[in-house]
Structures are given as C-alpha cells and as structure tokens.
Amino acid sequence: MATAQSPTTDVKPVLRSAYQRSVAEYWNQEKDPVNIKLGEVDGLYHHHYGIGAYDPAVLEAPAGQRDQAIIAELHRLETAQADVLLDHFGSVVQPGDRMMDGGSGRGGTSFMANQRFGARVDGVSISEAQVEFANDQARKRGVADQVRFHFKNMLDTGFETGSMRGIWTNETTMYVDLQQLYGEFARLIAPGGRYVCITGCYNDVTGGRSRAVSQIDQHYICNIHPRSEYFKALADNGFVPINVVDLTAATIPYWELRAKSSVATGIEDPFLTAYREGSFHYLLIAADRI
Ligand code: GPP
Ligand code: MG
C-alpha cells in the first residue's frame, strides 16, 4: 500500500513527449566511429566538436598511419574544446563542490571536470545507453564514487535545490526549451555559482534558420535556437553573463579536418557553410547565478 513517504506517487517519467523519446532513441542507437574511434584514443569519449588549429602534418602522414593521425588530432581538438569550457568556471568551483553536466553523453567533459576541480559530478542524460556507458567508464577510471551518471531529464532533475556550484551544457541546449532549462538550473545552482554553455546558435542579425542550419537540425533531430534566446532566457531566470566568446573562427579548422577524415558523417558541409556564411555561430556563454 502506498504511504505518504512513497516515492511512487509523484514521480514523473523521464521521457515526457514523442519528441524526447525520438531524441533518446537516436542517442541509444548511436555508435558512430566519429565518436567511438576518437574516444578510443585515450578513453575520453566526447559528444561535442573541437576548437583550435590542427597540425597539417597529419594530412601528410604515411598512408598506413594517416587515418589514425587525423582521428587523434580531431580528438585533441575536442578535448581542447572541453578544456576551454572548464576554464570558464575560473575559481568558482573548489574541491568537493558539486557540479552537473546537462546532457552528459558518454561522460568526457564530466571526467575532465572531476580531474581538474576535484568536484563531485552528476551527469544527466535521457539516453539509458549513454548513462550505462558513462557509468561503466567511471568504474574503469576508479571515480565511480565521485562521478555519477543518471537517467534523468535536465529540465526536471529532482536534485536538491541549491545543491550545485556549477552546471554546464556542452552542445545540448538545442534539444530543449531554454526557459524551462534555465528555470531548473536557477533552482539547482546556489547564488554565486556559475553556468557555462557551449552551443551552436543561429544569427538573429541575418534572419531565421538558413538552409544549412535546418540541415543540422534535421541531422540531429534538434531545434537550434537564435542567439538572442539565450540571453533572454538567462536574464529571465537570474543569470548574469560574465563572458561571451564567439568560438566560430576557432571551430572551422576542426570541421575542415573532419571533412577530410575517414570518420566524416556528411554533416561537415552544412556546418562549414553555416559558419562561413555567418548564419550560425559557435558560442560560449559563462553566466553567474545571482
Ligand atoms: C555533438 O555530438 C552534437 C550534438 C549534441 C547536437 C548538435 C550540436 C550543435 C552545436 C548544433 P556528437 O559528437 O555525438 O556529434 P557527431 O556524431 O556528429 O560527432
Ligand atoms: Mg562527435
């Protein structure tokens, strides 16, 4: 019989709509070499893109080594991206603090945050396969007591109010409503804590979704937001930006190298077109919770 303490009475399902179920299904099935082979380079599995110049020597490597040299270089640029994201927490996060990774994928950025800050990290994902993969990685790395992955919806995590010192989203906000997301993050982050986001957003200045941006949406089943929506939703929910960095120029070399690699997926040309024509930006926003 259900009692007053029963957790079964008001538990909402993690997946709340046909849309969310289709996104979860995509990530449950996903085993793309562009993510798996890069992760195998050093055991950090990322689900985001890269930044910085690539070493052109990888393209000249001997035939038998060229493919792997390019893969290792793409992986280095993706790790560099996560490092830049974490740089923007500055000294806000201290050892023992709690952080949350909103849309944690196979766990790459979460492990880097734990290693860098000594923080306890909770990653959330609506993909059960990703949660299982990332928790397996945490066990293999011997950090399962500090880095945990949960099958949870980042719009409504159930974590305690004010329990997080830092939250980040690394290319995941295009799957959700930003007002709902930042409402939940404002609840979770204690005042003085920080939120850091890297995202792709379309350019309000040049109009609505370009063809290339629509192709990216279609490829990932996402809904890329305009740049303006981020600042409105952050301000509406008590977040004050401290840094905004346009990473567009820094990510183009990654896409150029990826287009020449054996692990290209076909989405490289829309990204290059969207960035070069100025209809789309790769943006970092760091904002403090007031
Ligand atoms: C990165 O994941 C991509 C997304 C989470 C969605 C879209 C992001 C935008 C900035 C628009 P991934 O590493 O799994 O992608 P891929 O398989 O293409 O490498
Ligand atoms: Mg990838």
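The residues of the chain are indexed from 1 along the displayed sequence. Ligands are counted one by one from 1 in listed order, and the atoms in each one are counted from 1 as well. No experiment lies behind these values; they were computed from the predicted model shown.
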Query raised in the report: Can you list the ligand 1 atoms lying under 4.0 Å from a non-hydrogen atom of G200?
Result: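 Heavy-atom distances to G200 below 4.0 Å select 10 (C).
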Out of [options], who gets a non-hydrogen atom closest to [atom]?
atom: atom 9 (C) of ligand 1; options: H225, M174, H47; answer: M174
atom: atom 13 (O) of ligand 1; options: I267, I216, L283, N35; answer: N35
atom: atom 18 (O) of ligand 1; options: Y175, Y26, Y202, Y220; answer: Y220

Query raised in the report: Does any non-hydrogen side-chain atom of W27 lie less than 4.5 Å from one of H47?
Result: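 SC-SC contact between H47 and W27 confirmed.
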Could you tell me the residue and atom name of the protein heavy atom closest to [atom], and the distance to it rounded to 0.1 Å?
atom: atom 19 (O) of ligand 1; answer: R258 NH1, 3.0 Å
atom: atom 3 (C) of ligand 1; answer: Y49 OH, 2.9 Å
atom: atom 5 (C) of ligand 1; answer: E171 O, 3.0 Å

**Report entry** Ring geometry between Y49 and Y254 (parallel below 30°, tilted from 30 to 60°, perpendicular above 60°)
**Finding:**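 Taking Y49 first and then Y254, their aromatic rings sit tilted (interplane angle of 30° to 60°).
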Query raised in the report: What is the ring orientation for Y182 with Y230, classed by angle as parallel under 30°, tilted 30 to 60°, or perpendicular over 60°?
Result: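 Answer is tilted, since the angle falls between 30° and 60°.
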Requested in this report: Indicate if the distance from the Mg ion (ligand 2) to the nearest N, O or S atom of N35 falls below 2.8 Å.
Outcome: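 Checking the Mg ion (ligand 2) against N35, an N, O or S atom does fall under 2.8 Å.
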Query raised in the report: Using 4.0 Å as the upper bound for N to carboxylate O, is an ion pair formed by R76 and D55?
Result: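 Salt bridge absent between D55 and R76.
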Requested in this report: Verify, without hydrogens or angle tests, whether H88 (side chain) and C197 (backbone) share a donor-acceptor contact under 3.5 angstrom.
Outcome: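 Looks like no, no N/O pair under 3.5 Å.
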Query raised in the report: Got a second to check how far I216's CD1 is from D269's CG, nearest 0.5 Å?
Result: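 Here the interatomic distance stands at 11.0 Å.
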**Report entry** Sub-3.5 Å N/O-N/O distance, T265 and ligand 1
**Finding:**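 So ligand 1 has no N or O lying under 3.5 Å from an N or O of T265.
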Query raised in the report: Below 4.0 Å from any atom of ligand 1, is there a heavy atom belonging to V34?
Result: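 In this structure, V34 qualifies as a contact of ligand 1 - some heavy atom is under 4.0 Å.
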Requested in this report: Compute whether any side-chain donor of one residue and acceptor of the other, for N135 and R148, lie under 3.5 angstrom apart.
Outcome: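 No, no side-chain donor-acceptor contact under 3.5 Å.
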Query raised in the report: For ligand 1, which part of Y282 has a heavy atom less than 4.0 Å away: the side chain, the backbone, both, or neither?
Result: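 The answer is neither; Y282 stays 4.0 Å or more away.
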Requested in this report: Would you check, one step at a time, whether the test side chain to side chain donor-acceptor pair (under 3.5 Å) holds for T109 with D101?
Outcome: CA-CA 8 Å; T109 314; D101 183 350; 5.0 Å; no
